[in-house]
Every structure is written in C-alpha cells, then in structure tokens.
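Below is one structure, written out as structure tokens; comments come after it.
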Amino acid sequence: MSEEPGRQLGVSGGAANTWALLLAAGTGERLGLDRPKAFAELHGRPLLAESLERLDLCPLVDAIVVAAPAGWEEPVILLSEELAASKVVSCVTGGASRAESVRAALAEVDDAALVVLVHDAARPLVDDAVVERVLGPLGEGFDGAVPALPVPDTVKRVGAGGIVLETVARDDLVGAQTPQAFLATALRRAFEREHAGATDCASLVERSGGRVAVVEGDPTLLKVTTPSDLALVETLLRSA
Ligand code: CTP
Ligand code: MG
C-alpha cells in the first residue's frame, strides 16, 4: 500500500468546479486475470488508460482523482504521466468496496468543488456527450443524474431452488450506468451515512433525500465484467 495515498501529482485543483472520481480499485475477480481489471490489456494499453484519457480531454472536467487498487498506486501515477493527463490531481488507494473507494477519492476533492462526477474505469468508452447529459439536470434543481438504458430482457424474481416467484413489470425499469453526476454537497451528505453495500452513488443520494434524474445512457458505455465484455469493447475500439 502507498505510504502517501493522497500523493499530489502537481496540479492545483483550486479553481476546479467539476471533479471526476475515476474508480479503478476493484480486483476484477470475474475477469479472472493475474492483475486488477484496471490493468487488463485493452487495445494495447491498460484498460484504465481509455477512460482516464477521455476524462482528461473532456472540456467539462476540471480535475480527476483516481482510486487505485492497493499496491498499484505507482503504476497508476506512471500511467497518468505517460498519458500526460494533466487534470489528475491525486491518486488514492481504493477501499474494500466500491463505496469505500468513492469515499477515499471524495476526501481528496477540493471544498470549493461544485460538481462531482463518479465514473467506473470498467466502462472505458465514456464520452463528452454523456458527461454533458448528466451535468444538465444539476442546473435544473436536481442533486444528481445517472445515465441509464431500458432493460431489454424480461425480468424475473427467483426464489430458492431456481423457482420463479414473479415476473417483474419492466416498463419503468432502467439499468444505471456511469458517469453519474452530483452536486458536491449532496454527494458528501450521502456519504456521511452508512454506505456499505451500495453499488452506485445515486442510491446513496436517493436514500439521503436527494433528487436524482435519469438521462439517456449509451449502449457503448458497457461495463467490462467478464472476458467476453473485454473482447466486445476491444472490437468497438478497433472499429471506431
Ligand atoms: N471498484 C473500486 N473499488 C472496489 C471495487 C470496485 O474502485 N473496492 C471499481 C472497479 O474498479 C470498477 C467499478 O468499481 O471500475 C465497478 O466495479 P466492478 O465492475 O464490480 O469491478 P471489480 O470489483 O473490479 O470486478 P469483480 O466484481 O469482478 O471483482
Ligand atoms: Mg465488483
């Protein structure tokens, strides 16, 4: 583990309004490699490089904090330097859960920040358009916004022994993606409460009374979970 988890990379975030937390601290158990998912090879470089470069080049993002897997802080810092990702302010050691990694990264965000974007490095193909869409509702009275897509499959609730208990009406169901955007105050308030087990930040903001909007997601923003997801993203990158 790094001796200086909040090691500064030389950029001052003082004037930054919009901070992005890039979550890369997972182990990638379901991907099953000998290294964390963030360092799986995608299009000839570490998977993390894709989202890091895209957020660094996004004009709507002012500063970036990366949550790295324990023991992988130096490789993350080196990668940021290789990419000349000038908005990377800090690299923190992630926690045992996604929510703990968010908490660690959020602690690095400047008090003056207005907006915090939270993005999974496991979704490499983030683009400016989806960042713009999630920022929209924050100017319209919402505390947060998530990109989402309709659920294409019929959804069933299943009980012990694999017995179908119920087929769930899916007309009002969506699958949430990242990047998710929040007013910094709302996200900080949400993390003052119990957050263990939360799989996304929006659920915590909702639970603490925040209003969260859904905006159009993007099918190419798929999350790399298994080897076949990695192959699919690789194909999308090659054909881009
Ligand atoms: N994540 C994190 N810290 C954790 C767990 C997850 O920063 N303790 C990040 C991952 O790096 C990923 C995102 O949260 O970008 C979504 O998590 P997931 O897809 O589940 O990644 P892993 O936890 O790495 O994969 P697995 O569950 O298969 O181990
Ligand atoms: Mg996980």
Side-chain angles (χ1 to χ4, degrees), residues 1-2 5-6 19-43 45-56 61 64-77 79-80 85 88-109 116-127 130-131 134 146-149 175-182 187 190-191 194-205 217-218 220-234:
M1 203 189 289
S2 167
W19 287 58
L21 312 184
L22 184 53
L23 305 177
T27 55
E29 208 172 307
R30 288 168 289 180
L31 199 54
L33 299 177
D34 59 353
R35 68 193 85 168
K37 182 168 17 186
F39 286 89
E41 188 182 325
L42 175 67
H43 214 216
R45 52 187 196 166
L47 178 138
L48 171 62
E50 197 62 40
S51 54
L52 182 54
E53 187 172 61
R54 286 165 178 250
L55 289 175
D56 194 72
V61 171
I64 300 171
V65 180
V66 184
W72 289 78
E73 300 83 355
E74 286 300 325
V76 167
I77 290 166
L79 179 66
S80 308
V88 177
V89 171
S90 177
C91 170
V92 299
T93 307
S97 65
R98 183 186 185 278
E100 283 302 321
S101 296
V102 175
R103 197 191 51 75
L106 188 57
E108 296 292 308
V109 172
V116 179
L117 286 165
V118 183
H119 184 62
D120 292 338
R123 298 183 191 271
L125 303 183
V126 57
D127 66 7
V130 74
V131 172
V134 291
V146 306
L149 292 175
Q177 303 179 314
T178 72
Q180 302 188 345
F182 304 96
L187 191 61
F191 271 82
E194 167 66 34
H195 50 261
T199 54
D200 79 351
C201 295
S203 59
L204 294 171
V205 172
D218 182 341
T220 66
L221 253 182
L222 58 97
K223 183 157 81 77
V224 173
T225 305
T226 63
S228 63
D229 299 326
L230 189 61
L232 184 53
V233 174
E234 177 91 31

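Whatever order the structure lists them in is the order used to number ligands and atoms, beginning at 1.
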Check: Judged by atom type as modelled, is there a donor-acceptor pair below 3.5 Å linking the side chain of His43 to the main-chain atoms of Leu47?
Finding: no
Margin query: I'd like the residue list for ligand 1, meaning every protein residue with a non-hydrogen atom under 4.0 Å from the ligand.
Written below: Leu23, Ala24, Ala25, Gly26, Thr27, Gly28, Glu29, Arg30, Lys37, Gly95, Ala96, Ser97, Arg98, Ser101, Asp120, Ala121, Ala122, Lys223
Checklist line | Matching residue for Leu21 among Val66, Leu117, Leu106 - test: side-chain contact (heavy atoms from CB on, under 4.5 Å) | finding: Leu106
Notebook entry, point to check: Can you check whether Val118 reaches Pro179 side chain to side chain, under 4.5 Å on heavy atoms?
Noted result: no
Notebook entry, point to check: Which residue pairs pass the salt bridge (Lys or Arg N to Asp or Glu O under 4.0 Å) test when at least one of the two sits in residues 89-104, sequence neighbours left out?
Noted result: Arg98-Asp120, Glu100-Arg103
Note to self: Are the side chains of Asp127 and Asp218 in contact, using a 4.5 Å heavy-atom criterion?
What the structure shows: yes
Notebook entry, point to check: Is Glu41 salt-bridged to Arg45, cutoff N-O under 4.0 Å?
Noted result: no
